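Below: the structure, in structure tokens.
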Amino acid sequence: MRALCWHGKGDVRVDTVPDPKIEDPRDVIIKITSTCICGSDLHLYDGLVPTMESGDVLGHEPMGEVVEVGKDVRMLRKGDRVVVPFVIACGECWWCRRGEFSLCDRSNPNAEIARKMMGQSPAGLFGYSHMLGGFAGGQAEYMRVPYADVGPVKIPDGLPDEKVVFLSDIFPTGYMGAENAQIQGGDTVAIWGCGPVGLFTILSAWMLGAGRVVAIDAVPERLEMARQCKAETIDFQKQDVQETLMEMTKGRGPDSCIDAVGAEAHGDGGLAGVIDKAKAAVGMPADRTTVLHQAIMACRKGGTVSIPGVYVGFHDRIPMGPAMNKSLTLKMGQTHVQRYTKPLLEKIQKGEIDPGFVITHKLSLDEAPDAYKMFRDKQDGCVKVVLNP
Ligand SMILES: NC(=O)c1ccc[n+]([C@@H]2O[C@H](COP(=O)([O-])OP(=O)(O)OC[C@H]3O[C@@H](n4cnc5c(N)ncnc54)[C@H](O)[C@@H]3O)[C@@H](O)[C@H]2O)c1
Ligand SMILES: [Zn+2]
Ligand SMILES: [Zn+2]
């Protein structure tokens with residue numbers, strides 16, 4: 001089959017690779033109909049994530065048709081249309097039973113590597129390094145789906161791919177990002193990043209009762225989309241974020257601050273920015289904590305900082321003193337996607353939201369290498385790419 005493979009920093013190619021096979025009786029194989037490029041893929045593309053190997057198949061936001069079914073699978077049949085969560089979860093361990101699917105204790109076959117890096121291993125993820133399982137991803141013609149009775153959500157006929165494919169990741173991620181922000185009715189919520197995740201976070205903040213949403217970015221078309229989602233906006237290249245947020249909240253600070261940017265934040269012109277550039281120049285790309293820093297500093301005393309943005313490494317520049325002394329709550333994590341797929345599918349079916357609004361580019365799998373570059377560099381108004389293999 002054809003699949004988008006990682007070959008190193010900034011080097012992804014469409015290669016011919018072996019077709020996936022059923023490896024466990026609980027697996028299914030799906031034929032991919034739609035699959036997306038995510039901000040999380042950029043961390044792989046930009047060489048930030050350790051334990052990638054040349055030839056790894058990328059992609060973790062797929063949907064498609066079931067074409068092969070393992071003999072122990074109960075819920076799915078050949079021909080079913082499914083969206084597949086990026087998180088792989090067994091559905092039975094202590095964490096899965098608590099609904100904390102991205103912490104599944106059984107789905108990462110390389111748990112030992114993750115344990116060395118993190119103390120304990122989170123769940124396996126599709127197309128996201130060997131440390132997180134070495135699972136082939138979904139930017140491909142076919143994909144093997146382990147624990148097929150737990151993750152995939154069946155899609156009723158009549159709902160087009162564009163409306164439901166984001167149940168695989170970014171809609172649940174925006175929703176959990178807003179839920180983790182502990183929004184009380186009428187609260188002011190500040191959201192850094194108006195990429196696909198940020199935009200779903202804005203809409204979710206409204207669903208959860210925000211009174212005011214302020215969105216921060218510097219890309220004009222993304223700020224415009226945030227305004228269409230009824231957020232007020234701050235351009236971090238033209239305005240001082242801290243000062244503006246303090247003015248907007250009469251000196252109190254936002255009740256909740258959400259970092260929907262993560263490790264590849266731009267715009268730190270200070271000493272930290274110089275250190276980051278120097279590290280990158282000698283081939284040591286590192287997470288940049290600019291946004292996390294701003295979110296902690298701006299958040300009102302006693303407020304909550306939610307971090308859906310992905311970080312990878314260890315940091316010595318996180319303002320723990322301010323966070324501690326202002327009594328902030330910090331909540332974060334890879335999304336427990338399986339917890340949200342059905343309730344959010346219902347919202348789509350009821351017409352409360354049409355997630356397709358973020359799509360700016362629909363391309364073929366062969367165009368994926370150029371699409372990665374366009375998405376990373378925010379060329380051609382690119383906000384979200386959907387590939388149709
Ligand atoms: N927690 C999860 O399970 C999960 C799932 C999916 C994505 N993510 C993460 O969410 C983040 C966003 O994903 P995305 O697909 O929207 O990515 P994206 O790269 O399209 O969007 C990031 C946005 O942040 C903006 N930005 C950069 N620096 C900024 C700054 N200093 N202040 C404000 N905005 C700034 C960029 O201009 C861009 O619009 C990524 O880190 C991604 O890895 C997490
Ligand atoms: Zn994603
Ligand atoms: Zn589990």
Side-chain angles (χ1 to χ4, degrees), residues 35-46 48-49 58-62 85-108 122-128 137-138 147 150 166 168-174 176-177 180 190-201 215-223 225-226 233-237 241 258-269 273 287-295 306-312 332-338 358 360 375-378 382-385:
T35 186
C36 322
I37 304 178
C38 176
S40 296
D41 292 321
L42 294 181
H43 310 322
L44 306 171
Y45 189 57
D46 293 335
L48 240 63
V49 181
L58 300 189
H60 60 267
E61 301 187 353
F86 77 92
V87 165
I88 302 170
C90 78
E92 291 170 350
C93 73
W94 191 81
W95 284 269
C96 284
R97 279 186 276 122
R98 292 160 58 92
E100 295 174 334
F101 296 97
S102 73
L103 307 177
C104 176
D105 211 30
R106 293 187 189 158
S107 63
N108 182 2
L125 307 180
F126 287 106
Y128 220 76
Y147 302 110
V150 182
F166 301 133
S168 57
D169 178 349
I170 54 173
F171 184 15
T173 294
M176 183 165 125
N180 275 347
I191 299 168
W192 277 254
C194 301
V197 169
L199 293 169
F200 281 109
T201 310
I216 303 146
D217 205 306
V219 181
E221 60 273 14
R222 293 178 177 222
L223 287 168
M225 284 176 100
T233 55
I234 298 176
D235 181 336
F236 71 82
Q237 273 173 354
V241 175
I258 306 180
D259 172 356
V261 179
E264 299 196 66
H266 296 285
D268 194 323
D287 297 11
R288 296 187 293 262
T289 53
T290 319
V291 164
L292 185 53
H293 197 284
Q294 289 182 0
S306 159
I307 314 167
V310 163
Y311 291 93
V312 186
M332 63 197 90
Q334 298 281 6
T335 306
H336 305 306
V337 183
Q338 284 82 340
V358 294
T360 51
F375 175 54
R376 182 197 57 194
D377 299 341
K378 299 171 179 66
C382 182
V383 176
K384 189 74 180 178
V385 180

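Computed from a predicted structure; not experimentally measured. Residue numbers start at 1 and run along the sequence shown. Both ligands and their constituent atoms are indexed starting at 1 by order of listing.
Rounding to the nearest 10°, we obtain 120° for the angle at the Zn ion (ligand 3) between Cys104 SG and Cys93 SG. Put simply, the angle at the Zn ion (ligand 2) from SG in Cys38 to OE2 in Glu61 is close to 90°, to the nearest 10°. When rounded to 10 degrees, the angle formed at the Zn ion (ligand 3) by SG (Cys96) and SG (Cys90) equals 110°.
We find that Glu92 and Arg106 are joined by a salt bridge, their nearest charged nitrogen and carboxylate oxygen being less than 4.0 Å apart.
Scanning for ring-ring contact (aromatic ring centres under 6.0 Å, His included) contacts around Phe86 gives His60, with sequence neighbours left out.
In this structure, the protein non-hydrogen atom closest to atom 32 (N) of ligand 1 is Phe236 CD2, 3.4 Å. Among protein heavy atoms, atom 16 (O) of ligand 1 sits closest to Val197 N, 3.0 Å. Among all protein heavy atoms, the one lying closest to atom 37 (O) of ligand 1 is Asp217 OD1, 2.7 Å. Counting protein heavy atoms only, atom 7 (C) of ligand 1 is closest to Ser40 OG, 3.2 Å. When hydrogens are left out, the protein atom nearest atom 24 (O) of ligand 1 is Val261 CG2, 3.5 Å; that is the closest non-hydrogen contact.
With Met176, His266, Met332, Gln237 as candidates, the residue nearest to atom 31 (N) of ligand 1 on a non-hydrogen basis is His266. Closest heavy-atom approach to atom 9 (C) of ligand 1 within the set Val337, Asp41, Val310: this belongs to Val310. The heavy atom nearest to atom 18 (P) of ligand 1, considering only Arg222, His336, Gln334, is found in Arg222. Comparing Ala260, Gly198, Gly39 against atom 22 (C) of ligand 1, the shortest heavy-atom distance belongs to Ala260.
Residue Phe86 places a heavy atom under 4.0 Å from ligand 1. For Gly333, the closest heavy-atom approach to ligand 1 falls below 4.0 Å.
Near Phe375, meaning under 4.0 Å from any of its heavy atoms, are these atoms of ligand 1: 20 (O).
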